[in-house]
Amino acid sequence: MAKETHEFQAETKQLLNLMIHSIYTNQEIFLRELVSNASDAIDKLHFESLQNQDILEGNSDFEIFLVPDKDSHTLTISDNGIGMTKAEVAENIGTIAKSGTKAFLEQLQKAKEEGTAVNDKDMIGQFGVGFYSAFMVADKVTIVTRKAGTQEAVRWESTGDGTYTLEDCEKESRGTTITMHLGEEFYGDKAENDFTDAWTLESLIKKYSDYVRYPIKMNIEKEEMPRDDEGKIIEGKDPVKKIELKTLNSMQPLWTKNKSEIKEEQYNEFLKNQFHEWEAPMEVFHNKAEGSVEYTYLLYIPAKAPFNLYHTDYEPGLQLYSRHVFIMDKCKDLLPDYLRFVKGLVDSPDLSLNISRELLQQSRELKTIGKSLEKTILKSLERKLRNDREAYEKFWAEYGKSIKIGIYNSIYTGGDIINKLKELVLFTSSKENKNVSLKEYVERMPESQKKIYYATGADRAAIEALPQMELLKEKGLEVLYLTDSVDEFAIEAIRTYADKEFQSISRGDLDLEDAESQEVKKEAEEIAKENGDLMTDIKEALDNKVAEVKISTRLKNSAVCLVADANGPSLSMEQTFAAMDNPMFKAKRIMELNPKHALFNRLQELHTKGKDTPEFKDYCELLYSQALLIEGIMPENPADFANKLAALMAK
Ligand code: ADP
């Protein structure tokens with residue numbers, strides 16, 4: 001095939017531009033990125049060879065090779081991993097397939113516009129832009145690659161200017177060779193970082209890639225004095241140059257070392273290398289367990305939740321090793337899904353290397369390990385909440401949603417895990433703009449209070465503006481603020497805490513037991529009796545869109561509110577279901593009227609003129625639409641609502 005020239009995808013061009021110009025200051029990390037790609041490529045080959053030995057063609061001496069060349073100002077990194085077909089090169093290198101890359105670009109762009117500093121170390125790689133970092137140091141990059149098991153090789157080349165070329169070529173062995181034609185400032189004695197210098201490269205590998213589990217080799221030129229047969233230096237002769245093949249990385253897996261021998265930075269560096277997490281983690285768990293199953297684990301809670309943690313494209317899971325040999329990436333069957341934010345690995349001699357993924361996932365050992373890891377993590381979170389509130393709040397801000405999802409899911413998974421999880425939950429409340437645990441809430445509630453009150457809404461301000469809040473605020477009762485759509489589902493799953501039931505301020509009766517409330521209740525019952533027809537006729541005028549019209553005991557200043565009955569889903573749950581395209585779950589709507597509001601008198605007045613008059617009907621419609629709007633729900637016919645309102649205003 002003749003040489004073809006292709007355009008980079010638009011986003012790729014943009015990314016390349018950012019790589020080449022400005023943004024990054026820490027150029028040396030390109031080496032870590034390329035080494036990590038090489039190591040991934042070998043992993044892939046190794047994994048495939050477990051099912052298909054032939055693919056190795058007899059060569060399983062995996063290695064990564066660095067070749068610096070001072071004369072041609074190039075640095076070459078090669079691996080004997082899986083390699084790529086031509087289509088794969090075009091797909092992987094020419095385009096940015098990952099959805100995260102767009103987000104990365106947007107974040108960069110935003111940072112640029114706002115003039116905020118970009119923490120390149122934190123961002124690069126996290127979004128899968130590793131390879132392009134080569135253009136930070138190279139004016140031209142050449143890739144020659146041959147996919148394992150095939151004979152055709154391909155050469156890719158680009159100067160990063162918007163196009164790249166592809167052509168068929170020869171390559172003796174499988175794998176990928178990447179040659180960087182270094183830019184002027186990156187070679188030679190004057191360069192701050194000379195990437196053709198063996199010592200520089202060796203120290204970079206030590207710094208960033210020491211634990212890479214395949215040898216990273218380089219030929220190092222040495223000068224030695226000539227010696228005689230007895231090993232004595234021969235005086236007066238010039239030193240001779242010798243080439244020594246050296247493995248630059250120690251390869252000893254970090255987790256096999258003793259905890260006491262590992263420094264914090266080493267844990268952090270490992271996290272970067274293995275899991276592309278650039279910030280120091282919130283928590284590291286490293287231990288060896290010996291029981292019915294023997295295993296070592298090294299787990300991390302990263303400092304930040306990934307932006308796509310709850311999207312379907314996020315792949316949770318831990319790495320699995322058996323006797324330090326990598327078996328599987330992203331094994332989802334160890335930890336329950338709600339702990340999807342935990343990264344790390346498990347190494348167990350009791351896991352078999354050669355069984356299929358399916359069988360492995362069902363293995364008893366895996367389940368045992370998973371259960372005990374879950375316990376370890378939860379125990380540590382409990383401890384954090386008790387002993388280091390500040391740190392726990394940070395955890396909660398990043399991963400609180402996961403814990404609440406865990407609670408909700410426990411309805412299906414069963415067990416008593418919910419009892420542990422509910423102790424970990426925090427909400428803000430009407431008391432102060434601070435988080436409170438359920439335990440703290442119950443401990444500080446007055447003895448006369450029988451229920452745990454909560455309100456749902458988009459945010460604090462929206463909840464505080466709810467008419468349903470009026471009475472509770474006046475009575476000084478603490479109300480938990482549920483601002484995430486999963487919150488109410490979690491509360492429903494918990495059911496009771498310390499024998500106290502949860503009570504939504506927008507569902508059922510508030511059941512306040514103080515004397516004043518009892519009085520209000522009695523009064524309301526009387527008003528309801530006197531206005532029985534009015535209530536029935538409003539409901540009828542609304543075409544039975546509400547299940548009931550009631551005299552409210554919870555409103556103070558507002559005219560109307562909408563609540564759901566105590567047993568079915570709430571209005572906000574209904575909205576969540578609807579957003580998930582699941583309109584089956586409908587709240588049973590109850591419209592409550594404030595008998596003390598002037599509007600109530602007006603309704604009575606209109607009603608006496610006849611329940612079928614258009615005016616009475618319009619009032620009922622407007623009232624209902626208002627109640628919906630307060631709950632953040634669009635009236636069924638917004639234009640009709642606006643017209644009726646305009647007509648009324650014009651009167
Ligand atoms: P990431 O490594 O985060 O996926 P990169 O931009 O670094 O993103 O690489 C893009 C893709 O190119 C990789 O996912 C991989 O499929 C392929 N690739 C990169 N380097 C190699 C290599 N040395 N061998 C085989 N495939 C590679």
Side-chain angles (χ1 to χ4, degrees), residues 8-9 11-16 18-20 24 29-49 55 62-67 75-105 120-138 141-150 152-158 160 164 166 171 173-180 208-209 212 214 216 272-278 306-308 313-315 329-330 343:
F8 279 115
Q9 184 203 31
E11 276 99 352
T12 316
K13 268 191 212 171
Q14 211 180 335
L15 186 62
L16 279 168
L18 285 164
M19 286 288 168
I20 298 165
Y24 299 107
I29 60 161
F30 83 93
L31 189 61
R32 171 185 69 196
E33 296 299 314
L34 297 188
V35 165
S36 147
N37 278 352
S39 158
D40 288 349
I42 299 175
D43 274 347
K44 280 182 200 158
L45 179 68
H46 173 229
F47 189 71
E48 227 176 293
S49 73
I55 199 164
F62 299 124
E63 61 184 17
I64 298 165
F65 223 97
L66 300 187
V67 184
L75 172 63
T76 301
I77 298 176
S78 48
D79 64 69
N80 55 1
I82 190 90
M84 286 177 272
T85 62
K86 192 167 152 198
E88 283 167 343
V89 174
E91 166 79 18
N92 296 336
I93 307 290
T95 62
I96 300 175
K98 296 234 171 93
S99 57
T101 312
K102 268 208 170 114
F104 170 76
L105 284 171
D120 51 351
K121 270 209 288 188
D122 290 352
M123 289 171 83
I124 198 168
Q126 190 175 351
F127 292 91
V129 290
F131 166 75
Y132 300 97
S133 64
F135 285 98
M136 293 196 293
V137 298
V141 179
T142 312
I143 304 176
V144 175
T145 181
R146 170 150 85 78
K147 176 99 173 183
T150 72
E152 302 82 40
V154 62
R155 177 200 304 274
W156 176 101
E157 197 160 80
S158 177
Y164 61 89
L166 273 180
K171 187 174 186 302
S173 53
R174 66 157 187 258
T176 304
T177 297
I178 299 182
T179 303
M180 274 156 294
Y208 292 117
S209 312
V212 167
Y214 306 106
I216 304 167
K272 279 184 206 167
N273 270 311
Q274 288 283 314
F275 303 103
H276 306 296
E277 285 290 339
W278 314 113
F307 69 98
N308 62 346
D313 65 356
Y314 177 80
E315 274 192 88
D329 200 8
K330 314 244 183 229
K343 300 217 163 169

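None of these values were measured; they are calculated from a predicted model. Both ligands and their constituent atoms are indexed starting at 1 by order of listing.
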Considering only heavy atoms, does Leu34 approach ligand 1 within less than 4.0 Å through its side chain, its backbone, both, or neither?
neither

Tell me which part of Asp79 gets within contact of ligand 1: side chain, backbone, both or neither, using heavy atoms under 4.0 Å.
side chain

When you look at Asn37 and Ile178, which way does the side chain to side chain contact (heavy atoms under 4.5 Å, CB included) test go after all the steps?
CA-CA 11 Å; Asn37 278 352; Ile178 299 182; over 6 Å; no

Carefully, step by step, assess Phe131 and Asn92 under the rule side chain to side chain contact (heavy atoms under 4.5 Å, CB included).
CA-CA 10 Å; Phe131 166 75; Asn92 296 336; over 6 Å; no

Contact atoms of ligand 1, heavy-atom distance to [X] under 4.0 Å:
{"X": "Ala41", "answer": "22 (C), 24 (N), 25 (C)"}
{"X": "Asn37", "answer": "2 (O), 5 (P), 7 (O), 9 (O), 19 (C), 20 (N)"}
{"X": "Ile93", "answer": "12 (O)"}

Mind checking the CG-OG spacing from Leu34 to Ser78? Nearest 0.5 Å is all I need.
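These two atoms lie 11.5 Å from each other.
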
Between ligand 1 and Gly83, is the shortest N or O to N or O distance under 3.5 Å?
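No, Gly83 has no N/O under 3.5 Å of an N/O on ligand 1.
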
Contact check: Asp40 vs ligand 1, nitrogen or oxygen atoms, below 3.5 angstrom:
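Between Asp40 and ligand 1, no N or O pair is found under 3.5 Å apart.
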
When you look at Ile64 and Ser39, which way does the side chain to side chain contact (heavy atoms under 4.5 Å, CB included) test go after all the steps?
CA-CA 8 Å; Ile64 298 165; Ser39 158; 4.2 Å; yes

Tell me, with the steps shown, if Thr142 and Arg155 meet side chain to side chain contact (heavy atoms under 4.5 Å, CB included).
CA-CA 7 Å; Thr142 312; Arg155 177 200 304 274; 3.9 Å; yes

Side chain proximity check, Met180 to Ile77, heavy atoms < 4.5 angstrom
yes

Does the residue His276 have a heavy-atom contact with ligand 1, meaning some pair of atoms that are separated by less than 4.0 Å?
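It does not, in that no heavy atom of His276 comes within the 4.0 Å cut-off of ligand 1.
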
